[in-house]
Amino acid sequence: MPLPYYVSPEQMMQDKAEYAQKGIAKGRSIILLDYQDGIFFFADNPSASLNKVSEIYDRIAFAGAGKYSEFENLRKAGIRHADVKGFSYSRDDVTAKSLANAYSQTLGTIFSQEIKPLEVEILVAEVHDSPDANEIYRIMYDGSICDEKGYTVIGGRAEAVKIYLKEKFSMGLSLKDALKLSTDALETTINQKLDLENLEVAVLDRSRNGRKFRRIRMEELQVLIE
């Protein structure tokens, strides 16, 4: 009778982490920045029909990098979670922190219990009336959470883009400056010009009444870039 193949728990976790990281590294970077009116999202996305950045709730947005089908399922689950909580209690009780914790539990459980981990990194952000109160959470494939301030990046080349932003970012950027900084950061790290048609840009704008999320359409992008 052959002996069963044995893999130590440590080796199994390391293999899963490497597998997830390789999948995420294939995805293009997504940048999130604080700007003067709220929170700014920037992605190089060649797909015209699939979004990497989306609204979750009144003041909350979501971004995902890695395997699209997996972070899209997480996005939908987040919307259901927010809708049920908002309906059961109050819309003010739906927070980015509670969503990030729910995502962390889901990703952590899958990472530890399933053979294949999810190949995703996600961002959950909530805009507040004061810039200092903005909430930005980066949730990794293994469920770990980072509470970010000012800016963050997920997806392939994230570390290189972060290094660039660390040198150039400052608080209180205008929308135009946030767009230019994000464009420069990605173009510098990938060493090629971005195609305007491929840009997916959105904001959580605290100055808007009601829902804060809006997409920056091509016509506005062209004006901002000029």
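In this text, all values refer to a predicted model and were calculated from it rather than measured experimentally.
Contact between I56 and A82 at its shortest, heavy atoms only, is CG2-CB, 4.3 Å. Scanning all heavy atoms of the two residues, the minimum distance from V53 to A202 falls at CG1-CB, 4.1 Å. Contact between A65 and G155 at its shortest, heavy atoms only, is CB-CA, 3.7 Å. Residues N134 and G38 approach most closely at ND2-O, 3.9 Å, considering heavy atoms. Between P117 and A20, the shortest heavy-atom distance links the atoms CG-CB, 4.1 Å. Nearest approach of L74 to L107, heavy atoms of both residues: CD1-CD2, 4.1 Å.
Formation of a donor-acceptor pair under 3.5 Å by the T188 side chain with backbone atoms of A185 is not found in this model. When atom types are taken as modelled, the side chain of S112 and the backbone of T109 share a donor-acceptor pair closer than 3.5 angstrom. For the pair S104 (side chain) and G143 (backbone), a donor-acceptor distance under 3.5 Å is present. A donor-acceptor contact shorter than 3.5 Å links the side chain of E187 to the backbone of L194. A donor-acceptor distance shorter than 3.5 angstrom exists from the side chain of R206 to the backbone of H128, with no hydrogens or angles considered. With S182 contributing its side chain and A178 its backbone, the two residues share a donor-acceptor pair below 3.5 Å. The main-chain N or O of F213 is never found under 3.5 Å from a side-chain atom of E55 such that the two would form a donor-acceptor pair. Of the possible donor and acceptor atoms, none in the side chain of R75 sits under 3.5 Å from a partner among the backbone N and O of S54.
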| request: Show the numbers, then the answer: is there a salt bridge (Lys or Arg N to Asp or Glu O under 4.0 Å) between R59 and D129? | output: CA-CA 10 Å; R59 292 173 167 267; D129 294 337; 3.4 Å; yes

| request: Any chance you could lay out the side chain to side chain contact (heavy atoms under 4.5 Å, CB included) test for I136 and K149, step after step, and finish with the verdict? | output: CA-CA 7 Å; I136 303 168; K149 292 296 179 187; over 6 Å; no

| When you look at F40 and V201, which way does the side chain to side chain contact (heavy atoms under 4.5 Å, CB included) test go after all the steps? | CA-CA 8 Å; F40 175 87; V201 183; 3.5 Å; yes

| task | Given side chain to side chain contact (heavy atoms under 4.5 Å, CB included), test D205 with Y35 step by step and report yes or no. | result | CA-CA 9 Å; D205 184 346; Y35 82 111; 4.0 Å; yes

| message | Checking M218 against L196 for the side chain to side chain contact (heavy atoms under 4.5 Å, CB included) test, could you report, in this order, the C-alpha distance in whole Å, the side-chain angles of both residues, the deciding distance, and whether it holds? | response | CA-CA 8 Å; M218 187 54 61; L196 182 63; 3.7 Å; yes

| Should K168 and D184 be marked as a salt bridge (Lys or Arg N to Asp or Glu O under 4.0 Å) after you check the CA-CA gap, both sets of side-chain angles, and the distance that decides it? | CA-CA 10 Å; K168 307 287 185 181; D184 290 347; over 6 Å; no

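A 4.5 Å side-chain heavy-atom check between D34 and P131 finds every atom pair outside the cut-off. Counting heavy atoms from C-beta outward, I31 and Y151 have side chains that stay 4.5 Å or more apart. I163 places none of its side-chain heavy atoms less than 4.5 Å from the side chain of T189. L118 places none of its side-chain heavy atoms less than 4.5 Å from the side chain of N73. For the pair I154 and I122, the minimum side-chain heavy-atom distance is 4.5 Å or more. Inter-residue side-chain proximity for D83 and Y57 is flagged as met; some heavy-atom pair is nearer than 4.5 Å. Side-chain contact between L179 and I216: absent, with no pair of heavy atoms (C-beta onward) separated by less than 4.5 Å. Between L33 and F42 the shortest side-chain heavy-atom distance does not fall below 4.5 Å.
A salt bridge (charged side-chain N to carboxylate O under 4.0 Å, His left out) with E200 holds for exactly one of R28, R215, K52; it is R215.
For the residue pair Q105 and N101, no side-chain donor N or O sits within less than 3.5 Å of a side-chain acceptor on the partner. If you check the side chains of S47 and N45, you find no donor sitting under 3.5 Å from an acceptor.
Here CD of Q21 is found 3.5 Å from OH of Y141. Values are rounded to the nearest 0.5 Å. For the atom pair CG (D142) and CD (E121), the distance works out to 9.5 Å, reported to the nearest 0.5 Å. Note: Q36 CD to M171 CE = 11.5 Å, rounded to the nearest 0.5 Å. Rounding to the nearest 0.5 Å gives a distance of 8.0 Å between CG of D44 and CD of Q192. Atom-to-atom distance recorded for L123:CG and E148:CD is 8.0 Å, nearest 0.5 angstrom. Between the CG atom of D177 and the CG atom of L224 there is a distance of 10.0 Å, given to the nearest 0.5 Å.
Note on F41: it does not cluster hydrophobically with Y103, by side-chain heavy-atom contacts below 4.5 Å among ILVMFWY residues. Both Y68 and V120 are part of a single hydrophobic cluster, where members link through side-chain heavy atoms under 4.5 Å apart. Grouping the Ile, Leu, Val, Met, Phe, Trp and Tyr side chains by contacts below 4.5 angstrom, directly or via other members, places L181 with V153. L221 is not connected to L204 by any chain of hydrophobic side-chain contacts under 4.5 Å among Ile, Leu, Val, Met, Phe, Trp and Tyr, and they are in different clusters. L199 and L186 fall within a single hydrophobic cluster, where Ile, Leu, Val, Met, Phe, Trp and Tyr side chains are chained together by heavy-atom contacts under 4.5 Å.
The aromatic rings of F62 and F71 lie tilted to each other, with the angle between the two planes from 30° to 60°.
Taking a cutoff of 4.0 Å between a charged side-chain nitrogen and a carboxylate oxygen, K212 and D37 do not qualify as a salt bridge. Of the charged side-chain nitrogens involved, none lies within less than 4.0 Å of a carboxylate oxygen, so that E220 and R217 do not count as a salt-bridged pair.
Sparse packing is recorded around NZ of K180, with 12 or fewer heavy atoms of other residues, nucleotides or ligands lying under 6.0 Å away. By the neighbour-count criterion of 12 heavy atoms within 6.0 Å, atom NZ of K176 is densely surrounded, having more than that number from other residues, nucleotides or ligands. Residue K26 places its NZ atom among 12 or fewer non-hydrogen atoms of other residues, nucleotides or ligands, all under 6.0 Å distant.
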